[in-house]
Amino acid sequence: MGNPGISKYAKYLLLLMLICSAVYFYLTGERKISLGGSHLRIMNTLFRLNILGYPNENSLPDEMAAELRALDQKLSRFIPASEISEINRNAGRSPVPVSIETFSVIETALMISELTAGAFDITVGSLVDAWRITPLAEGGGEREWEPPAPSTIDQARALTGHGKVILDHERNSVLLPPAGMSLDLGGIAKGYALDIVADRLHSHGVSSFLAELGGNIFAGGRNRKGQPWKIGILHPRRPTDIIAWIEVTDASVSTSGDYENYRTFRGERFNHIIDPRTGMTAKTLVSVTIISPSATLADALSTAAFVLGPEEGLKLIENRPDADGIFIDSDIKITVTSRLQGKLHLK
Ligand code: AMP
Ligand code: MG
């Protein structure tokens, strides 16, 4: 989230995103609606919206763009004036009263930590900072990158723990008791934003649409032919290709992959998803896609299942009535939850 700076890598990232988007819109067979250009750059990624059957195409995307910008202004830890930055600055000092919206995203995230035995944990901010695996477009410097020292990881890990966050429901305030602790909503905020977009579209009477934000998609209703939307899953080792596709209606599809943001050091790949239990980057899977009617849940659970790995992750999703999952391991072996058996189309 946020946009601390543009490096020479920005154009490559943008190109990759545009190729992915082209594949995605080719698969959907639908036209895209312009948002002040061909896309809107927000939350450190691209937002695209494709609406069917709405007469006034221009004002609605503008409204969405304004809404997403306002959300980023509250939830980004990279925007100094955001509520999340304010909470982080006051760690170890004082509770920070926040908007109902920010409070409820934090509350939901903490609830998902409970559901996932801490695999999903928004208090990973200090570990995220220690690993410095930002999108290449932001920091560049891949050649100079090296993993943090074990002592740095230990120090950062001491500043994490979802159970330490203190919420005051009367004042809507948030306190991070240890100084140096910090919240990072990067694993859930895009999903939350997509739920907001879907709500707004529904309240405008728009039921058929595709909204995409980073690796998260919300597929509302059906396509022009009255069929479910076809959503492609990117190949984790050839991310400009699609490895498989599924049909969805009124659901979100969120992917956490080790090919999104990563660094390599001495031939080893380190990605941006951290196992809060060890402080190390999660390694057992290369891609997890979650399908759920809630984009917030799909986003958080894809991050959590990525951390939990093939067995525990699959068990977590299998036991939920509101989510299905597609797991890809480093041998590019694909496993799906039982309700998806026979419904994943390989390319
Ligand atoms: P996603 O791409 O949705 O899986 O989210 C990854 C982002 O979430 C990272 O860039 C971090 O900002 C944050 N993150 C990393 N590890 C975790 C974790 N275990 N729980 C929650 N958020 C995390
Ligand atoms: Mg996520």
Side-chain angles (χ1 to χ4, degrees), residues 1-2 4 17 43-45 72 75-78 84 88 105-106 108-139 153 156-157 160-163 165 181-195 212-218 234 236 239 252-263 270-292 294-309 312-313 316-317 323 325 327-328:
M1 303 183 58
M17 285 173 159
M43 293 183 164
N44 217 19
T45 186
D72 203 17
L75 303 181
S76 171
R77 70 192 290 247
F78 299 114
I84 292 297
N88 292 346
V105 181
I106 294 172
T108 305
L110 296 177
M111 191 192 75
I112 295 171
S113 293
E114 297 286 339
L115 291 178
T116 61
F120 183 83
D121 190 340
I122 56 168
T123 68
V124 290
S126 54
L127 283 166
V128 169
D129 291 341
W131 281 93
R132 306 179 326 280
I133 305 176
T134 51
L136 285 174
E138 281 181 20
I153 296 173
R157 203 155 70 85
T160 66
H162 61 96
V165 180
M181 190 175 197
S182 78
L183 299 184
D184 180 325
L185 300 185
I188 191 170
K190 294 188 204 65
Y192 177 78
L194 274 184
D195 278 333
E212 184 197 11
L213 189 58
N216 307 267
I217 288 170
F218 199 108
L234 295 179
S252 175
V253 181
S254 164
T255 298
S256 290
D258 78 345
Y259 53 90
E260 295 168 37
N261 301 324
Y262 68 93
R263 295 291 187 278
F270 297 88
N271 76 86
H272 67 311
I273 299 173
I274 294 166
D275 185 338
R277 300 165 299 186
T278 60
M280 301 299 289
T281 60
K283 276 199 187 311
T284 51
L285 289 162
V286 297
S287 165
V288 176
T289 298
I290 301 295
I291 300 122
S292 168
S294 157
T296 307
L297 198 63
D299 190 2
L301 288 182
S302 65
T303 309
F306 192 99
V307 169
L308 290 171
E312 265 190 275
L316 169 77
I317 306 303
F327 296 71
I328 309 180

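Quick caveat: nothing in here was measured; it's all calculated off a predicted structure. All ligand and atom numbering here is 1-based and tracks the order in the structure.
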Show the nearest heavy-atom pair for residues [X] and [Y], with the distance to one decimal.
| X | Y | value |
| --- | --- | --- |
| Met181 | Gly161 | CE-O, 3.3 Å |
| Thr303 | Gly187 | OG1-O, 3.5 Å |
| Ala193 | Met43 | CB-CE, 3.8 Å |
| Ala282 | Asn271 | O-ND2, 2.8 Å |

Among all the protein's non-hydrogen atoms, which is closest to [atom], and how far away is it?
| atom | answer |
| --- | --- |
| atom 23 (C) of ligand 1 | Val124 CG2, 3.7 Å |
| atom 9 (C) of ligand 1 | His272 O, 3.4 Å |
| atom 19 (N) of ligand 1 | Ile274 O, 2.7 Å |
| atom 8 (O) of ligand 1 | Gly187 N, 3.0 Å |
| atom 20 (N) of ligand 1 | Asp121 N, 2.9 Å |
| atom 1 (P) of ligand 1 | Thr303 OG1, 3.3 Å |

Hey, which atoms in ligand 1 end up nearer than 4.0 Å to a heavy atom of [X]?
| X | answer |
| --- | --- |
| Val307 | 19 (N) |
| Asp299 | 3 (O) |
| Ser256 | 1 (P), 3 (O), 4 (O) |
| Ala119 | 18 (C), 19 (N), 20 (N) |

Requested in this report: Tell me whether Thr303 has at least one N, O or S atom under 2.8 Å from the Mg ion (ligand 2).
Outcome: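 Thr303 does place an N, O or S atom closer than 2.8 Å to the Mg ion (ligand 2).
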Query raised in the report: To the nearest 0.5 Å, what is the distance between CG (Leu316) and OG1 (Thr116)?
Result: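 The distance works out to 7.0 Å.
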Query - Ala304 touching ligand 1 at heavy-atom level, < 4.0 angstrom - result: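 In this structure, Ala304 fails to qualify as a contact of ligand 1 - no heavy atom is under 4.0 Å.
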Query raised in the report: For ligand 1, is Pro276 a contact, meaning one of its heavy atoms is under 4.0 Å away?
Result: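 Pro276: in contact with ligand 1 (<4.0 Å).
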Query raised in the report: Any N/O of Asp184 closer than 3.5 Å to an N/O of ligand 1?
Result: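 Between Asp184 and ligand 1 (N or O atoms, distance only) the closest approach is under 3.5 Å.
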Query raised in the report: Heavy-atom distance under 4.5 Å between the side chains of Thr255 and Ser302, does that happen here?
Result: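 Not in contact.
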Report task. Report yes if some heavy atom in the side chain of Thr281 is under 4.5 Å from a heavy atom in the side chain of Asp275; otherwise report no. Result ->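 Heavy-atom side-chain distance check fails, nothing below 4.5 Å.
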Query raised in the report: Side chain, backbone, both or neither: which part of Glu260 comes within less than 4.0 Å of ligand 1 when only heavy atoms are counted?
Result: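 Under 4.0 Å from ligand 1, Glu260 contributes side-chain atoms alone.
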Query raised in the report: Is the shortest side-chain N to carboxylate O distance from Asp129 to Arg77 below 4.0 Å?
Result: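 A salt bridge is present here (some side-chain N lies under 4.0 Å from a carboxylate O).
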Query raised in the report: Salt bridge or not for Asp299 and Lys190, using N-O below 4.0 Å?
Result: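 No, this pair does not count.
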Query - OD1 (Asp299) to the Mg ion (ligand 2) to O (Gly187) angle, given to the nearest 10 degrees - result: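 Computed angle, vertex at the Mg ion (ligand 2), rounded to 10 degrees: 80°.
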Query raised in the report: Is Lys283 close enough and on-axis enough to Phe270, meaning under 6.0 Å and within 45°, for cation-pi?
Result: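 Yes, a cation-pi geometry holds between Lys283 and Phe270.
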